[in-house]
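In the text below, chain A, chain B and the rest are named by the order of the sequence lines, each starting its count at 1.
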Amino acid sequence: MDFTERVVAIVRGIPEGKTLSYGEVAARAGSPRAARAVGVVMKNNTDKRVPCHRVIRANGTLGGYNGLRGEKATLLRNEGALTSSQ
DNA sequence: ATAATGACGTGAT
DNA sequence: AATCACGCCATTA
């Protein structure tokens, strides 16, 4: 099991309406300092079964997205992970 | 084995 | 609060 495979597995297990930071995913993958590597994995990942849009930055910003399933902000808002107000 | 890349993170200015 | 610089890790050429 490579780091990438673990990252995918973890992201795939993120429940709806929930979000994890790259650092959190990296930590669960076994490398708490590999947030960037997680980003690389996400970018390269094209599997729609992986809710990669639920992975955001540690400071709360959405970070990036390749538009695999549309706009990241929209997807999260639909799941209730993003509050339209406040 | 080395260099370059990138959806990050934290600390300093 | 906003911006800059540096560090960190994994993957690929």
Side-chain angles (χ1 to χ4, degrees):
Chain A
M1 196 65 124
D2 292 314
F3 177 79
T4 316
E5 299 284 301
R6 272 191 307 244
V7 171
V8 171
I10 292 160
V11 176
R12 208 161 169 259
I14 302 178
E16 189 177 291
K18 181 105 191 215
T19 52
L20 279 181
S21 67
Y22 297 92
E24 287 291 293
V25 177
R28 283 168 172 76
S31 302
R33 304 288 172 325
R36 300 187 69 168
V38 173
V40 176
V41 174
M42 301 285 92
K43 177 169 60 88
N44 280 283
N45 172 61
T46 56
D47 199 322
K48 273 104 69 187
R49 292 163 287 197
V50 181
C52 38
H53 60 269
R54 302 212 180 122
V55 185
I56 62 177
R57 286 182 63 151
N59 52 301
T61 50
L62 298 183
Y65 193 58
N66 56 3
L68 183 68
R69 302 265 325 222
E71 281 189 61
K72 193 171 182 176
T74 308
L75 292 165
L76 292 172
R77 207 190 297 182
N78 273 314
E79 298 177 354
L82 247 59
T83 55
S84 316
S85 309
Q86 294 175 58

Student: Between the main-chain N or O of A:Val41 and the side-chain N or O of A:Asn45, is there a donor-acceptor pair closer than 3.5 Å?
Tutor: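 Checking the backbone N and O of A:Val41 against the side chain of A:Asn45, no donor-acceptor pair under 3.5 Å is found.
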
Student: For side-chain hydrogen bond (donor to acceptor under 3.5 Å, both in side chains), just list the numbers for A:Asn59 and A:Thr61, CA-CA rounded to whole Å, side-chain angles, deciding distance to a tenth of an Å, and then say yes or no.
Tutor: CA-CA 6 Å; A:Asn59 52 301; A:Thr61 50; 2.9 Å; yes

Student: Rounded to the nearest Å, what distance is computed from the CD atom of residue A:Glu24 to the P atom of nucleotide C:dC8?
Tutor: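 Distance, rounded to whole Å: 20 Å.
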
Student: Please state how far atom CG in A:Asn59 lies from atom P in B:dC8, giving the value in whole angstrom units.
Tutor: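 So the two atoms are 10 Å apart, to the nearest Å.
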
Student: Round to the nearest Å and state the distance from A:Lys43 atom NZ to B:dG6 atom C1'.
Tutor: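 These atoms are roughly 6 Å apart.
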
Student: Answer yes or no: is there a donor N or O on one side and an acceptor on the other, between the side chain of A:Lys72 and the main chain of A:Gly64, under 3.5 Å?
Tutor: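 Yes; judged by distance alone, with no hydrogens or angles, the pair exists.
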
Student: Which atom pairs link the protein and nucleotides 10-13 of chain C when you take only N or O atoms and keep those under 3.5 Å?
Tutor:
from   : atom 1 : to      : atom 2 : distance (Å)
C:dA10 : OP1    : A:Ser31 : OG     : 3.1
C:dT11 : OP1    : A:Thr4  : OG1    : 2.9

Student: Check whether A:Val7 and A:Ile56 end up in the same hydrophobic cluster, where Ile, Leu, Val, Met, Phe, Trp and Tyr are linked by side-chain heavy atoms less than 4.5 Å apart.
Tutor: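 A:Val7 does not cluster with A:Ile56.
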
Student: Decide whether A:Ile10 and A:Leu76 are clustered together by the hydrophobic rule: side chain heavy atoms of Ile, Leu, Val, Met, Phe, Trp, Tyr closer than 4.5 Å, transitively.
Tutor: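 Not linked; separate clusters.
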
Student: Taking only N and O in the side chain of A:Arg36, is any of them less than 4.0 Å away from OP1 or OP2 of B:dG6?
Tutor: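 False: A:Arg36 side-chain N/O out of range (4.0 Å or more) of B:dG6 OP1/OP2.
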
Student: Okay, side chain of A:Asp47, backbone of A:Arg49: is any donor-acceptor separation there less than 3.5 Å?
Tutor: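 Yes, A:Asp47 side chain to A:Arg49 backbone: donor-acceptor pair under 3.5 Å.
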
Student: Is there a path from A:Leu68 to A:Leu75 through hydrophobic residues (I, L, V, M, F, W, Y) whose side chains come within less than 4.5 Å of each other?
Tutor: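 Yes, one cluster joins them.
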
Student: Nearest whole angstrom, please: distance from the P of B:dG6 to the CG of A:Asn45.
Tutor: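 Roughly 17 Å, once rounded to whole Å.
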
Student: Could you tell me the separation between the OH atom of A:Tyr22 and the P atom of B:dT10, rounded to a whole number of Å?
Tutor: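 Answer to the nearest Å: 14 Å.
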
Student: Find the distance A:Arg28:CZ to C:dC9:P and express it as a whole number of Å.
Tutor: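 It works out to 19 Å between those atoms.
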
Student: In residues 64-72 of chain A, which residues come under 4.0 Å of DNA chain B by heavy atom?
Tutor: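 Within this stretch, A:Gly64, A:Tyr65, A:Asn66, A:Lys72 sit under 4.0 Å of the strand.
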
Student: At what distance, to the nearest 0.5 angstrom, does OG1 of A:Thr19 lie from CG of A:Leu82?
Tutor: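 Here the interatomic distance stands at 8.0 Å.
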
